[in-house]
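Some notes on the structure that comes next.
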Amino acid sequence: MQFNFYLSKCMTVNENGITILNGNYKRNPQLDVVITIMGEASALAQNLKQVITSPIRFFQTDQKLYIKSEGKQCLGILKIGRKNLFHRDLNGVIKEIQPLCVLDFYVHESVQRKGIGKELFEEMLRQEVLTPEKLAYDRPSPKLLGFLKKYYNLQNYIPQNNNYVIYSQYFDNKQTNVFQQQLTQQTHQQQQNPQLVNQQRIQQQQTPQKMDQLDQMMQQMSLESKQQYSQYQKSKGQPPWATDQKQYQNMYQTTTGLMSAQIHKK
Ligand code: ACO
């Protein structure tokens, strides 16, 4: 989705091109436009009667929004939040659980099936320190079901009245926490190759001195880059989007108007 301003001007974008917002993030008009337009496009793509991601429905909640962008383009969004759910198993036994849920997930049509969804999803898993089977999925579309099957081999679940999908592995008590997995890997490595582990220990003991040197270098570099940055700031004029308020308002009204019209039509 193309905007007429750089998305990094209205939100912090990390080194993977992803922005992580929580409900307390400081709102600004451009960010509102991005959330509104992406939320409406997502609803349209999923044939939903109601938009589920909008500034009003996001800010001041405990939800989190992951946004993938590139320059002036927004490529996709992923919204998560914790819910209180009742899950009925095959014997009719009901369990109350509070999983983190995937509430909205959308990649722009022009870049679907190019790995953007996986990038967003993996970033979220890293941040939340979770594995995919420990999440619940709100009315997953066939595309999302295919995605979860393809990358994470998730396919078995008991359909629920509330339409949330919780895979059977959610209830396994096996070690699925990524930290536990890393720990298991380390222990395994230790058992397989005690010599290598000893070498690593010696290297770690030598590290503090090197870290001190590195620290000094980093401080020097950061001082230089700060000076360069402030010179750059002084030399450049106002950012183009700041003077473009009127034009961008028109664009927003036209685009949202068109999308709302399409949603009403459905
Ligand atoms: N048809 C079937 N499967 C698809 C399709 C499609 N049109 N698009 C993606 N997938 C699945 C497939 O498993 C695909 O693998 P394949 O190409 O080898 O068949 C895999 O996803 C591709 O992975 P990515 O490229 O990482 O995924 P993508 O960037 O396309 O993002 C997403 C996946 C978010 C589901 C995207 O396709 C999309 O936005 N779809 C429309 C909106 C939607 O259905 N969102 C989920 C709603 S449910 C919810 O939010 C809880």
Side-chain angles (χ1 to χ4, degrees), residues 1-3 7 13 16-21 23 34-55 57-58 61-71 73-85 87 97-128 130-170 255 259-260 262-263 266:
M1 185 73 73
Q2 181 81 24
F3 292 87
L7 271 75
V13 182
N16 300 326
I18 294 176
T19 298
I20 307 166
L21 303 179
V34 174
I35 296 174
T36 304
I37 290 185
M38 292 305 281
E40 293 191 351
S42 176
L44 201 61
Q46 295 175 60
N47 250 324
L48 302 176
K49 289 193 186 99
Q50 249 196 343
V51 172
I52 46 178
T53 302
S54 67
R57 284 172 165 253
F58 173 68
T61 67
D62 58 2
Q63 298 174 350
K64 262 192 188 173
L65 189 60
Y66 288 76
I67 303 176
K68 171 84 180 171
S69 64
E70 210 175 82
Q73 281 191 318
C74 187
L75 305 179
I77 57 165
L78 169 61
K79 189 172 79 166
I80 55 166
R82 207 164 281 283
K83 296 276 170 186
N84 201 54
L85 301 178
H87 181 270
I97 50 174
Q98 287 88 26
L100 198 62
C101 306
V102 174
L103 302 172
D104 198 5
F105 191 13
Y106 168 70
V107 168
H108 190 262
E109 283 71 9
S110 62
V111 284
Q112 278 179 19
R113 286 188 138 157
K114 291 189 171 151
I116 307 281
K118 176 114 190 297
E119 273 182 54
L120 263 172
F121 196 74
E122 293 273 325
E123 179 84 24
M124 179 274 292
L125 293 178
R126 266 194 303 277
Q127 294 290 331
E128 307 303 325
L130 270 180
T131 44
E133 70 274 15
K134 292 294 177 192
L135 288 154
Y137 301 86
D138 185 8
R139 293 170 197 265
S141 65
K143 289 183 186 180
L144 181 56
L145 291 172
F147 174 94
L148 293 167
K149 183 175 172 202
K150 174 185 162 124
Y151 292 119
Y152 307 106
N153 199 24
L154 290 174
Q155 32 191 335
N156 300 323
Y157 64 91
I158 303 163
Q160 303 291 310
N161 286 338
N162 59 16
N163 291 317
Y164 275 84
V165 163
I166 294 162
Y167 288 97
S168 54
Q169 291 96 320
Y170 178 90
T255 322
M259 283 184 165
S260 303
Q262 284 185 56
I263 288 172
K266 297 242 168 213

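The first residue in the sequence is number 1, and the count goes up from there. We count ligands from 1, going down the list as the structure has it; atoms in each ligand are counted the same way.
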Inset, instruction - Give yes or no for whether the N/O distance cutoff of 3.5 Å, strictly under, is met between Phe105 and ligand 1. - result: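 Such a contact does occur with ligand 1.
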Legend entry - Charged N-O contact under 4.0 Å between Glu123 and Lys68: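 Salt bridge between Glu123 and Lys68, a charged N being under 4.0 Å from a carboxylate O: no.
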Inset, instruction - Apply side chain to side chain contact (heavy atoms under 4.5 Å, CB included) to Leu145 and Tyr157, showing your working. - result: CA-CA 11 Å; Leu145 291 172; Tyr157 64 91; 4.2 Å; yes
Of the choices [options], which has the non-hydrogen atom that lies closest to [atom]?
{"atom": "atom 40 (N) of ligand 1", "options": "Lys143, Lys79, Glu122, Lys149", "result": "Lys143"}
{"atom": "atom 31 (O) of ligand 1", "options": "Asn163, Val107, Ile77, Leu120", "result": "Val107"}
{"atom": "atom 19 (O) of ligand 1", "options": "Arg139, Lys150, Arg113", "result": "Arg113"}

Legend entry - Crowding at NZ, Lys149 (>12 non-hydrogen neighbours, <6.0 Å):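 Not more than 12 within 6.0 Å, no.
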Inset, instruction - Could you tell me whether Gln46 approaches ligand 1 through its side chain, its backbone, both or neither, with non-hydrogen atoms closer than 4.0 Å? - result: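 Side chain only.
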Legend entry - For atom 29 (O) of ligand 1, closest protein heavy-atom neighbour: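 That would be Gly117 N, 2.8 Å.
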Inset, instruction - Considering only non-hydrogen protein atoms, determine which one is nearest to atom 41 (C) of ligand 1 and report residue, atom name and distance to 0.1 Å. - result: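 For atom 41 (C) of ligand 1, the nearest protein heavy atom is Gln112 NE2, 3.7 Å.
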Legend entry - Lys79 to Phe58, cation-pi by 6.0 Å centre distance and 45° axis angle: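 No - Lys79 does not lie over the ring of Phe58 by the 6.0 Å and 45° rule.
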Inset, instruction - Decide whether the shortest distance between a heavy atom of Tyr106 and an atom of ligand 1 is less than 4.0 Å. - result: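 Flag set, Tyr106 near ligand 1.
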Legend entry - Min heavy-atom dist Phe121 to ligand 1 below 4.0 Å: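 Contact absent.
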Inset, instruction - May I ask you to list the atoms of ligand 1 that are less than 4.0 angstrom from any heavy atom of Gly115? - result: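 Here the atoms of ligand 1 in question are 24 (P), 25 (O), 26 (O).
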